[in-house]
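Hydrogens, waters and symmetry mates play no part in the numbers below; they use all other heavy atoms, side chains included. If you're wondering where the values come from, they're calculated on a predicted model, not measured in any experiment.
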Amino acid sequence: MKLALSSAWPFFVVPVVLVLDQWTKWLVLEEPRFNALGCLDRMEPCGRIVLPGPLDFTMLWNRGMSYGLFQSEGVGRWILAAIMLAIALGFLVWLTRAEGRWLKLALALVIGGAFGNLIDRVRFGAVVDFIDANGLYFPWVFNVADAAISVGAVLLFVDQFLLSRPKPASTS
């Protein structure tokens, strides 16, 4: 299968999301005020940096999926990682067959975010979460990968249920 450059752009979005996610997590892990690796075994936040405005940085280790769902440790960590990998690979196959700019963008965002969180899960057994939007009455702490997955999921919903229209049946 030959992939034209004009249809290859989603395959550039995936690594952009992945690199942005891993870079921001690296910055958080390197921040001494968090002592992130020193608190890897704790369930409570490692530290907090208060910012002006509605967002703060609150470092915590998420042992579940996006926004802390399905917390797991030990063997459960590897089961969750395998599930995340299978979903990301399934979406990658879907992306190779996808048509439509919004669908491709949605899938690329989800795939990039899934791989970003999967890297953390394999490396640490937990995902680095640090964006705290409690000032916006959003109770979860999340990261760039979670945001990409969420935006991708919304775009996927919009594409599949609001933008996709059935093709008219051909009359012969």
Side-chain angles (χ1 to χ4, degrees), residues 1 3 8-29 34 36-37 39-46 57-134 138-164:
M1 170 171 75
L3 195 60
W9 64 266
F11 297 97
F12 295 106
V13 171
V14 172
V16 166
V17 169
L18 178 62
V19 167
L20 182 61
D21 174 66
Q22 289 297 298
W23 176 68
T24 57
K25 290 173 179 175
W26 176 80
L27 290 172
V28 168
L29 292 173
F34 290 136
L37 295 175
C39 78
L40 182 56
D41 295 329
R42 295 191 339 220
M43 294 299 285
E44 66 270 359
C46 299
F57 293 139
T58 302
M59 167 55 210
L60 61 86
W61 291 102
N62 178 354
R63 286 170 176 73
M65 291 180 85
S66 293
Y67 304 107
L69 298 174
F70 310 114
Q71 295 288 319
S72 63
E73 294 185 55
V75 175
R77 155 193 179 186
W78 296 107
I79 293 170
L80 192 54
I83 292 169
M84 290 171 64
L85 179 60
I87 292 169
L89 292 175
F91 273 54
L92 192 57
V93 169
W94 188 4
L95 179 58
T96 64
R97 300 173 180 160
E99 293 184 20
R101 140 183 50 191
W102 292 111
L103 177 57
K104 290 178 182 181
L105 178 60
L107 294 170
L109 289 171
V110 171
I111 294 164
F115 280 120
N117 282 342
L118 182 60
I119 289 170
D120 289 10
R121 182 151 327 279
V122 170
R123 284 183 66 198
F124 306 113
V127 174
V128 175
D129 282 344
F130 61 93
I131 303 170
D132 186 346
N134 199 27
F138 187 76
W140 298 282
V141 178
F142 59 100
N143 58 45
V144 172
D146 293 334
I149 291 168
S150 296
V151 170
V154 169
L155 288 176
L156 187 60
F157 176 83
V158 168
D159 178 77
Q160 295 297 293
F161 295 104
L162 301 179
L163 296 179
S164 295

A106: partners by side-chain contact (heavy atoms from CB on, under 4.5 Å), with sequence neighbours left out: L155, L156

Residues that R123 engages under side-chain contact (heavy atoms from CB on, under 4.5 Å), provided they are two or more places apart: Q22, I119

Minimum heavy-atom distance A108-P10, with the two atoms named: CB-O, 3.5 Å

Value rounded to 0.5 Å, distance of OG1 in T96 from CZ in F11: 6.0 Å

Closest non-hydrogen atom pair, I131 against V144: CD1-N, 4.2 Å

Atom of A36, atom of L29 and distance for their closest heavy-atom approach: CB-CD2, 3.5 Å

Approximate separation, where rounding is to 0.5 Å, of R121 CZ and R63 CZ: 9.5 Å

Results of side-chain hydrogen bond (donor to acceptor under 3.5 Å, both in side chains) for T58 - residues two or more places apart only: D132

Distance in Å, Q160 CD paired with W102 CH2, rounded so as to fall on 0.5 Å steps: 14.5 Å

Atom pair CG/CD1 of L107 and I111 - distance to nearest 0.5 Å: 5.5 Å

side-chain contact (heavy atoms from CB on, under 4.5 Å) partners for A133, two or more places apart: L55, L136, F138, F142

All ring-ring contact (aromatic ring centres under 6.0 Å, His included) counterparts of F124, not counting sequence neighbours: W61

Residue pairs passing the salt bridge (Lys or Arg N to Asp or Glu O under 4.0 Å) test where at least one lies in residues 8-26, sequence neighbours excluded: D21-K25, K25-D120

Nearest-0.5 Å distance that lies between atom OG in S150 and atom CG in L109: 10.5 Å

ring-ring contact (aromatic ring centres under 6.0 Å, His included) partners for F91, two or more places apart: W94

Partners meeting side-chain contact (heavy atoms from CB on, under 4.5 Å) with V122 (sequence neighbours left out): W78, L118

Point-to-point distance, once rounded to the nearest 0.5 Å, from CG of D159 to CD of E99: 11.0 Å

Minimum-distance pair of heavy atoms, taken over all atoms of F115 and L89: CZ-CD2, 4.2 Å

Minimum heavy-atom distance between N117 and A145, given as atom pair plus value: OD1-CB, 3.4 Å

